[in-house]
Amino acid sequence: MANKKNKVKFGLKNCHYAIATLAEDGTVSFGTPVAMPGAVSLSLDAEGENDPFYADDSVYYMVSNNNGYSGDFELALIPESFLTDVMHETEDANGVIAENKDVEPDHFALLFEFSGDQRKIRHCMYYCSATRPSVSGSTKEDSTEVQTETLSITATPLPSGLVKVKTGTNTSEETYNNWYNEVYQPQAAVSAPETPVEDTTE
């Protein structure tokens, strides 16, 4: 898996959500990822701007604001599990799913992957929220046109500052293969060992 570098990316698949729970001390924990089949498209735009600070008649310092991402996630059909787990719609004894205005949706991690010419690139957005999907449809004509559903997604930074991660060229086989088993938590960077300096003095 290592050292296989993509030249292009295409496609979208293997979308999952995992409930995110933020503790009072700012630490976050995640539930087991749940599959969201039927992904059609995902488009998340970066939020935040670069604000220049001027001094000495020039840009003295550039403040970069990373406010996460926002955009749309289109699916063939939003899974009922997402509606009940994340949006907290409730299913009654007759199997009818009800929406209540007084409930607050949960935050969740969004996991997904893009295909590439060498390997798939797997992503995780850590602290996402979704707005209620619109209700729409149209009559069937001579040909059948599939009606998709769209979630508006906002991914904000965690208190630690973490926004997202993705697999890279040097991602270990174990980490890559277990990506959808549990939400990946970044490890501290491993620094290269220092080369001892040879003492040439006599």
Side-chain angles (χ1 to χ4, degrees), residues 6-21 28 30-47 68-156 163-167 171 175-184:
N6 285 319
K7 294 181 180 179
V8 294
K9 70 174 183 179
F10 46 86
L12 170 68
K13 62 186 296 186
N14 272 342
C15 294
H16 291 66
Y17 69 89
I19 298 296
T21 303
V28 64
F30 298 95
T32 302
V34 179
M36 298 185 74
V40 176
S41 66
L42 177 67
S43 178
L44 300 176
D45 296 325
E47 295 289 334
Y69 296 81
S70 66
D72 292 330
F73 179 27
E74 182 183 7
L75 301 104
L77 195 66
I78 298 171
E80 289 183 5
S81 62
F82 185 87
L83 296 177
T84 55
D85 293 346
V86 176
M87 307 306 290
H88 288 301
E89 297 185 8
T90 56
E91 183 176 354
D92 69 9
N94 295 315
V96 175
I97 299 174
E99 176 185 318
N100 190 308
K101 75 177 184 66
D102 294 324
V103 298
E104 289 289 335
D106 266 332
H107 284 81
F108 58 96
L110 181 63
L111 298 85
F112 56 92
E113 67 184 46
F114 298 123
S115 297
D117 58 304
Q118 293 294 331
R119 53 183 275 158
K120 298 176 178 66
I121 308 167
R122 295 180 168 172
H123 294 250
C124 177
M125 314 289 290
Y126 279 103
Y127 203 58
C128 299
S129 59
T131 61
R132 291 175 297 118
S134 300
V135 178
S136 63
S138 60
T139 188
K140 181 179 177 181
E141 300 180 355
D142 292 339
S143 60
T144 300
E145 182 178 349
V146 174
Q147 305 293 312
T148 61
E149 297 184 337
T150 300
L151 291 168
S152 293
I153 301 289
T154 300
T156 52
V163 178
K164 67 181 181 71
V165 291
K166 67 177 181 177
T167 58
T171 299
T175 297
Y176 187 88
N177 292 336
N178 290 325
W179 196 256
Y180 300 109
N181 294 335
E182 60 181 7
V183 174
Y184 179 78

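Note that this is a predicted model, so its numbers are computed, not measured.
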Could you list the donor-acceptor pairs under 3.5 angstrom formed between side-chain atoms of residues 125-132 and any protein atom two or more places apart in sequence or on another chain?
{"unit_1": "Tyr126", "atom_1": "OH", "unit_2": "Tyr184", "atom_2": "O", "d": "2.3"}
{"unit_1": "Arg132", "atom_1": "NH1", "unit_2": "Glu99", "atom_2": "OE2", "d": "3.3"}

Point-to-point distance, once rounded to the nearest 0.5 Å, from [atom1] of [X] to [atom2] of [Y]:
X	Y	atom1	atom2	result
His107	Thr156	NE2	OG1	5.0 Å
Leu110	Tyr69	CG	OH	13.0 Å
Leu44	Thr154	CG	OG1	9.0 Å
Phe112	His16	CZ	NE2	13.0 Å
Asn181	Thr175	CG	OG1	11.0 Å
Ile78	Met87	CD1	CE	8.0 Å

Quick one: list whatever passes side-chain hydrogen bond (donor to acceptor under 3.5 Å, both in side chains) with [X], sequence neighbours left out.
X	result
Thr32	none
Thr167	none
Gln147	Ser138

**OP:** With sequence neighbours excluded, give me every salt bridge (charged side-chain N to carboxylate O under 4.0 Å, His left out) pair touching residues 73-97.
**Re:** none
Original post:
Restricting to pairs with a member in residues 10-21, which pass salt bridge (charged side-chain N to carboxylate O under 4.0 Å, His left out), not counting sequence neighbours?
Top reply: none
Report the residues that fulfil side chain to side chain contact (heavy atoms under 4.5 Å, CB included) with [X], sequence neighbours left out, ordered by chain and then residue number.
X	result
Asn100	Asp102, Val103
Asp45	Ser43
Leu77	Glu149
Ala39	Leu12, Cys15, Phe73

**OP:** State whether the number of non-hydrogen atoms from other residues, nucleotides or ligands found under 6.0 Å of Lys166 atom NZ is greater than 12.
**Re:** no
Original post:
What is the minimum heavy-atom distance between Val183 and Gly31, and which atoms define it?
Top reply: CG2-O, 4.4 Å
**OP:** Keeping to residues at least two apart or across chains, list the ring pair (Phe, Tyr, Trp, His ring centres under 6.0 Å) pairs with something in residues 75-102.
**Re:** Tyr17-Phe82, Phe82-Phe108
**OP:** Please list, chain by chain and in numerical order, all residues satisfying salt bridge (charged side-chain N to carboxylate O under 4.0 Å, His left out) with Glu113, sequence neighbours excluded.
**Re:** Arg122
Original post:
With a 4.5 Å heavy-atom cut-off, do Phe114 and His123 have their side chains touching?
Top reply: yes
